[in-house]
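Quick note: numbers below take in every heavy atom, side chains included, and nothing from hydrogens, waters or symmetry partners. In listed order, ligands and their atoms are each counted from 1.
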Amino acid sequence: MDNIADEPIGLFDSGIGGLTVAREILRNLPHEQIVYFGDTARVPYGSKTRETVVRYAEQIMRFLLTQNIKAIVIACNTASAYAIDDISAQAGRPVIGVVEPGAVMAAQATENKRVGIMATAATIESRSYDKAIARIDPAVQTFGQACPILVPLVEEGWIDDPVTIEVLKRYLHPLLEKDVDTIVLGCTHYPLLRKVIRRLVGDKIHLINPAYETAQALKKLLEEKKLLREKPAEEGARYPYRFFVSDNAERFADFAQSILPVDVRTATKIPIEHY
Ligand code: DGL
């Protein structure tokens, strides 16, 4: 009988952002196989309603379940904020999002108990980070900042660019005015801007990348459920990473290749609305 622990982990995001989560999983759980779905036809999620994001997430879950996955990582803050309860209730296997692990890390990092959250408009509106942080440490005050223009800038590859720097200054200013000592990069695209943000805020502010903590939480969860893959795939075994998208497969594969430490080969386009 096949060992369930040898099956892949399913990850999804609205597009390329979740690759920052995939990168941390590859670094921290090197034996695991990954099936990634990027909803490149319907990005951005951050400006959509809860109802729409939940519907998209459910379609992606149904697609991932056709790929024999042993667990699901919602590698998107917006989808985690809106859809984690629905996906957890329906998936029939362990599900983890990025918000809870990010909140744990932020609550631990802050010394002055003032945490800023940069995220999409939908994530800020859901108040998911605020609620999760309050559950961990009710003494922590949170300050949300919706940053709707950052995702298109990152998707365009405008990282260390004067326009992006100007936009970041506008978004960071209100948080710095609130004297936060910790800022959550609460959208999976933002870790790609980390160096620029670090330059703008100086080195006294903790920058929280929920992707790192999600990989650690995933490892713990798989260990608890006895689903952690213990050994690497044998020589000549099937290729351990599969990438699917809803549009622009070639562009996605090029981008994935530029940020992942593995050979991406190709991405396959899927008619996701049929699931
Ligand atoms: N990757 C999504 C997130 O983490 C943001 C991109 C989008 O708006 O779709 O929230």
_Is it true that Ser126 and Thr123 share a donor-acceptor pair across their side chains at a distance under 3.5 Å?_
no

*List in chain and number order the residues that pass ring-ring contact (aromatic ring centres under 6.0 Å, His included) with Tyr45, two or more places apart in sequence or in another chain; answer none if no residue qualifies.*
Tyr56

*Donor-acceptor pair, Tyr275 side chain versus Thr66 backbone, under 3.5 Å?*
no

Below 3.5 Å only, please: the N or O atoms of ligand 1 paired with protein N or O atoms, distance on each line.
{"from": "ligand 1", "atom 1": "1 (N)", "to": "Asp13", "atom 2": "OD1", "distance (Å)": "2.8"}
{"from": "ligand 1", "atom 1": "1 (N)", "to": "Thr188", "atom 2": "OG1", "distance (Å)": "2.7"}
{"from": "ligand 1", "atom 1": "4 (O)", "to": "Asn77", "atom 2": "N", "distance (Å)": "2.9"}
{"from": "ligand 1", "atom 1": "4 (O)", "to": "Asn77", "atom 2": "ND2", "distance (Å)": "3.2"}
{"from": "ligand 1", "atom 1": "4 (O)", "to": "Thr188", "atom 2": "N", "distance (Å)": "2.9"}
{"from": "ligand 1", "atom 1": "4 (O)", "to": "Thr188", "atom 2": "OG1", "distance (Å)": "3.1"}
{"from": "ligand 1", "atom 1": "8 (O)", "to": "Tyr45", "atom 2": "N", "distance (Å)": "3.3"}
{"from": "ligand 1", "atom 1": "8 (O)", "to": "Gly46", "atom 2": "N", "distance (Å)": "2.8"}
{"from": "ligand 1", "atom 1": "9 (O)", "to": "Ser14", "atom 2": "OG", "distance (Å)": "2.6"}
{"from": "ligand 1", "atom 1": "9 (O)", "to": "Tyr45", "atom 2": "N", "distance (Å)": "2.6"}
{"from": "ligand 1", "atom 1": "10 (O)", "to": "Thr78", "atom 2": "N", "distance (Å)": "3.1"}
{"from": "ligand 1", "atom 1": "10 (O)", "to": "Thr78", "atom 2": "OG1", "distance (Å)": "2.6"}

*For Thr40, does its backbone N or O pair with a side-chain atom of Asp247 as donor and acceptor, under 3.5 Å?*
no

*Answer yes or no: is there a donor N or O on one side and an acceptor on the other, between the side chain of Gln141 and the main chain of Lys113, under 3.5 Å?*
no

*Might you work through the side chain to side chain contact (heavy atoms under 4.5 Å, CB included) test for Tyr212 and Met105, ending with a clear yes or no?*
CA-CA 9 Å; Tyr212 173 76; Met105 208 173 172; 3.9 Å; yes

